[in-house]
Amino acid sequence: MLKKMKRVFRHISTWTALMLSLIVASPAFAADTKVLRIGWTAWSDAEAVTNIAKQLLEKELGYKVELVMTDIGLQYQGVAKGDLDIMLMAWLPGTHKDYWDKLSSQVVDMGILYDNCKLGWAVPAYVPESEVKSIDDLKKPDVKKKFKGQVQGIDPGAGLMRASKKAIEDYDLGYELLTASDAAMVSALDRAIKRKQWIVVTTWTPHWMFSKYKIRYLDDPKQSLGGAEAVHAVARKGFEQDFPKAATFIKNFKIPIADLEAIMLKASNSKNYKKEAAAYIKANPKMVEKWLAGAK
């Protein structure tokens, strides 16, 4: 009897091992458990959204996520070539139009993450609106002197920088466009405000700087910097098949712009986007449940 039971258990154990090996060897299982690579750039809104996505993909859906920080142009190329699985910072239809026109046939639009976005140039509130209300006012000789003939920009590959170069040409300003990181741009603004100096910065909504500093957008009558925008998630072809749970989550992932700006402001103070992303997830279980619907 004991020998018979051992043979039965051995048979069950062998069958279980066989079934497990078949499951693990299946393409669907292998694809759904490999590393998910997300491209990103150190823009405040992108950092907030990317950290929220990473934490939910790992903790709730069981993926291993690798964040790959690179220039926005390289992100589009990486997704198109399959070197990156997805990016969460495609500004459409205007800001990234050049990239989209070239590569849209090679990638998949996964939908809008947040909208009511805007690009623009901003100045501190103490710069008199009677002297500087629009971008066109920047070419006044006395105004140009106070701004040192410079516009403080961000990283050179950003769509905002291409639009800013166009604005300088469209308005015949003759200004120098300075490149820097998002953080360096904000630092330049902070220094200028503390010294009550005049400064023009390239910026966008959503951004926490509008909550922290008294600044205003300059009018753009020529619309050189574009109109209303939305930020999309863009994935490589085959993403939905290889990462089905992640694809469902990304399609559901819509965040109110007011919530995003609040996260960004807290992160600007704590210097910790991971912490603020985790705090938002914990404080908004109904929102998270909606994002994960059908993904688990």
Does [X] reach the main-chain N or O of [Y] with its side chain, forming a donor-acceptor pair under 3.5 Å?
X      : Y      : answer
Asn269 : Leu265 : yes
Asn284 : Met287 : no
Gln55  : Lys274 : yes
Arg162 : Pro156 : no
Tyr63  : Ala246 : yes
Gln75  : Thr70  : yes
Lys266 : Lys271 : no
His232 : Asp109 : no
Ser270 : Asn272 : yes
Lys245 : Leu61  : yes

Side chain to side chain, [X] and [Y], heavy atoms closer than 4.5 Å:
X      : Y      : answer
Tyr171 : Pro221 : yes
Thr41  : Met69  : no
Met110 : Val234 : no
Leu113 : Val49  : yes
Leu189 : Ile199 : yes
Tyr213 : Asp190 : yes
Asp115 : Val231 : no
Asp45  : Trp208 : no

Flag the pair [X] and [Y] as a salt bridge only when some basic side-chain nitrogen lies within less than 4.0 angstrom of an acidic carboxylate oxygen.
X      : Y      : answer
Arg236 : Asp85  : yes
Glu240 : Lys251 : yes
Lys54  : Glu58  : yes

To the closest 0.5 Å, what do you measure between [atom1] ([X]) and [atom2] ([Y])?
X      : Y      : atom1 : atom2 : answer
Ile86  : Ile38  : CD1   : CD1   : 7.0 Å
Ser224 : Ile135 : OG    : CD1   : 6.5 Å
Arg216 : Leu218 : CZ    : CG    : 6.5 Å
Glu261 : Tyr114 : CD    : OH    : 10.0 Å
Met264 : Asp259 : CE    : CG    : 12.0 Å
Glu47  : Ile263 : CD    : CD1   : 12.0 Å

Kindly assign one of parallel, tilted or perpendicular to the pair [X] and [Y], based on the angle between their ring planes and the thresholds 30° and 60°.
X      : Y      : value
Phe249 : Phe253 : parallel
Trp198 : Phe147 : tilted
Tyr76  : Tyr99  : parallel

Point to revise | Verdict with reasoning, Asp155 to Thr179, per side chain to side chain contact (heavy atoms under 4.5 Å, CB included) | key: CA-CA 6 Å; Asp155 46 293; Thr179 60; over 6 Å; no
Check your understanding: For Val65 and Leu67, what are the C-alpha separation, side-chain angles and deciding distance, and is it a side chain to side chain contact (heavy atoms under 4.5 Å, CB included)?
Key -> CA-CA 7 Å; Val65 177; Leu67 301 185; 4.0 Å; yes
**Study point:** More than 12 heavy atoms of other groups within 6.0 Å of Lys97 NZ
**Key:**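 Result for NZ/Lys97: open.
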Exercise for review: Determine whether more than 12 heavy atoms belonging to other residues, nucleotides or ligands lie under 6.0 Å from atom NZ of Lys140.
Suggested key: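 Enclosed: over 12 neighbouring heavy atoms sit under 6.0 Å from NZ of Lys140.
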Check your understanding: For Tyr273 and Ser44, what are the C-alpha separation, side-chain angles and deciding distance, and is it a side-chain hydrogen bond (donor to acceptor under 3.5 Å, both in side chains)?
Key -> CA-CA 9 Å; Tyr273 281 86; Ser44 186; 2.7 Å; yes
For the student: nearest non-hydrogen atoms of [X] and [Y], plus distance:
X      : Y      : result
Leu177 : Lys165 : CD2-CG, 3.6 Å
Gly174 : Ile168 : N-CG2, 4.1 Å
Ile250 : Ala233 : CG2-CB, 3.6 Å
Cys117 : Ile257 : SG-CD1, 4.4 Å
Gln152 : Ala180 : NE2-CB, 3.5 Å
Ala48  : Leu260 : CB-CD1, 3.7 Å

Consider only side-chain heavy atoms of I, L, V, M, F, W and Y, link residues closer than 4.5 Å, and tell whether [X] and [Y] are in one cluster.
X      : Y      : result
Ile112 : Leu92  : no
Leu103 : Leu84  : yes
Leu160 : Leu74  : no
Ile281 : Leu57  : yes
Phe243 : Val108 : yes

**Study point:** Test side-chain hydrogen bond (donor to acceptor under 3.5 Å, both in side chains) applied to Glu229 and Thr95, step by step
**Key:** CA-CA 8 Å; Glu229 298 274 277; Thr95 306; 2.4 Å; yes
Practice item. Check step by step if side chain to side chain contact (heavy atoms under 4.5 Å, CB included) holds for Met209 and Met185. Key: CA-CA 11 Å; Met209 62 196 292; Met185 177 272 289; 3.9 Å; yes
Could you list the donor-acceptor pairs under 3.5 angstrom formed by side chains in residues 288-296, with sequence neighbours left out?
{"residue": "Trp291", "atom": "NE1", "partner": "Lys254", "partner atom": "O", "Å": "3.0"}
{"residue": "Lys296", "atom": "NZ", "partner": "Glu60", "partner atom": "OE1", "Å": "2.8"}

Check your understanding: Do any pairs count as a side chain to side chain donor-acceptor pair (under 3.5 Å) and have a residue in residues 118-134, sequence neighbours left out, and if so which ones?
Key ->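 Residue pairs with at least one partner in residues 118-134: Trp121-Ser164.
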**Study point:** Derivation and outcome, side chain to side chain contact (heavy atoms under 4.5 Å, CB included), residues Ile215 and Val201
**Key:** CA-CA 10 Å; Ile215 58 178; Val201 296; 5.6 Å; no
**Study point:** Centroid-centroid under 6.0 Å between Phe210 and Tyr217 rings
**Key:**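 So the answer is yes for these two rings.
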